[in-house]
Amino acid sequence: MTTDAFPTRRGRMEYVCTQCGARRGVEELLYTCPECGGVFLLEDLDFARMKERPAEEWRTRFDARRATRNTALRGIFRFYELMAPVLEQEDIVYLGEGDTPIIEASPALQKALGARFAFKNEGQNPSASFKDRGMAGAFSYLRALVRMHGWDEVLTVCASTGDTSAAAALYASHVGGGIRSVVLLPRGKVTPQQLSQPLGSGALVLEVPGVFDDCMKVVEYLAEHYRVALLNSKNSWRILGQESYAYECAQWYGWGLAGKSLFVPVGNAGNITAIMSGLLKMRELGLIDELPRLFGVQSHHADPVWRYYSRPEGERRYEPVRVRPSVAQAAMIGNPVSFPRVKKLAARYTEAGGDFNVVQVTEQAIMDAMICANRHGHIACTQGGECLAGLLRAKELGLIGERDFAVLDATAHALKFSGFQSMYMENAFPPEFGVTPRPELINTPRLLITPERRAELNEAEFTAETARELARAAGLKSR
Ligand SMILES: *Cc1c(COP(=O)(O)O)cnc(C)c1O
Ligand SMILES: [Zn+2]
């Protein structure tokens, strides 16, 4: 078999309701269970047949595809058989998503923090966040639907904390052919960089006063009353695409995740759902021998999942929270859509011998961690900082020991959240964030020469004087 050949075996996929267990076929795009309103997960009824081949054979196959020239298998669909084995090659959308590197933290940083860890740089995806994984899944399925039904127009809609809309607009504009993108944003609650993305991709960008949870309610109502393709994480094809993160982690470490702890920021909880689901599948097939430890991380300003798990079993009760301003803005969600999925999968995860935890961190800790990481050669966004803060918190709580190695999900590129970095450097956080910069981490530009002084000098004088000023600022000695 050449590594370029697209797989021929097709599975039989169904939506399964996480609440009542109802099943539905995938000929239609469904978001919630018609029986009970619960959220779906997707299941391949023939998944168990993968066990007819030894795990080693699957590992070899997935490893071989790292060299493929077939772009349908280069991104998240390197793991086609584990994810959506009903799609045809012609449906697959590939914009360079997935296959992101895991970069070990600089030795100085690991030493300074007394922890062993690496970042998986999800900011190296095409729209600079992990959301592209899910969109590659959702848009590939959408193309299959368009082909099967012969539709000539599809309107995709999503509510977003910024990155979902950036990804949705990017994929919609590339696929084209009657697929249009509408995104709904909470006004002023996404960064200027994130806002520029769907605008640049030509999406219809609409804003409402309020927070993400308000936008979510609007698009849910819309999906109930109009024919639209919803691209929020109620769309279980996105969850499926995001499972690729887990497969890549395992593959990066030679299919061994024993002794590893994965840290994931939790907002709408789609990502942690996908990662758990992927890990469980690999464990079931024997692709990995042991489940890694899994840590969800939430800010104290948006922590419904942490609140739920912080109570002893038996006393747990889920309650949405009203969010407060958070630098981990992409995870600033008070009523996560995927909470029922998390509950279900976390129970299965622990049954299968895995360890599932949620830790809570402060806004201050998130910012300090982000800045500190990036001063050591990383490109962590605020949510990546949240993961690092989560690792330090877990260490403080005695949940992480000297020998543990953590893989932190740096979910987006630092550049998307540079405004928070600026607020830190300029000590300009509005009081509701509760963030005060650590003086040693502040870094601001300095003007070497005033325009007035420059106007007094000729070119040679300007060059010499400015160079002398630079040497003084940098503490250089003359030769
Ligand atoms: C969406 C997002 C999150 C939160 O992921 P969920 O799946 O909503 O829990 C975290 N970080 C970034 C950068 C995101 O875009
Ligand atoms: Zn149901």
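All ligand and atom numbering here is 1-based and tracks the order in the structure.
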* Flag the pair C372 / L109 as yes when at least one side-chain heavy-atom distance between them is below 4.5 Å, and no otherwise. => yes
* Asked: Is it true that the side chains of Y247 and Q251 contain a donor and an acceptor less than 3.5 Å apart?
  -> no
* **Smallest separation among heavy atoms of A136 and V93, with atom names** => CB-O, 4.0 Å
* Heavy-atom distance under 4.5 Å between the side chains of F130 and V264, does that happen here? -> no
* **For the Zn ion (ligand 2), every protein N/O/S atom that sits closer than 2.8 Å, waters excluded** => C17 SG, C20 SG, C33 SG, C36 SG
* **Of all pairs that satisfy side-chain hydrogen bond (donor to acceptor under 3.5 Å, both in side chains), the ones with a partner from residues 423-434, not counting sequence neighbours** => D368-Y424
* Do K416 and C381 come within less than 4.5 Å of each other through their side chains, counting heavy atoms only? -> no
* Inter- and intrachain pairs under salt bridge (charged side-chain N to carboxylate O under 4.0 Å, His left out), touching residues 340-360, at least two apart -> R293-D355
* **Given F339, Y309, W306, the one that forms ring-ring contact (aromatic ring centres under 6.0 Å, His included) with Y318** => F339
* Asked: Charged N to carboxylate O under 4.0 angstrom, E363 versus R324?
  -> no
Considering only N or O atoms, set out every pair between ligand 1 and the protein closer than 3.5 Å, with distances to one decimal place.
unit_1	atom_1	unit_2	atom_2	d
ligand 1	7 (O)	G270	N	3.1
ligand 1	7 (O)	N271	N	2.8
ligand 1	8 (O)	N268	N	2.8
ligand 1	9 (O)	G267	N	2.8
ligand 1	9 (O)	N268	N	3.2
ligand 1	9 (O)	A269	N	2.8
ligand 1	11 (N)	T411	OG1	2.8
ligand 1	15 (O)	K131	NZ	2.7
ligand 1	15 (O)	D163	OD2	2.6

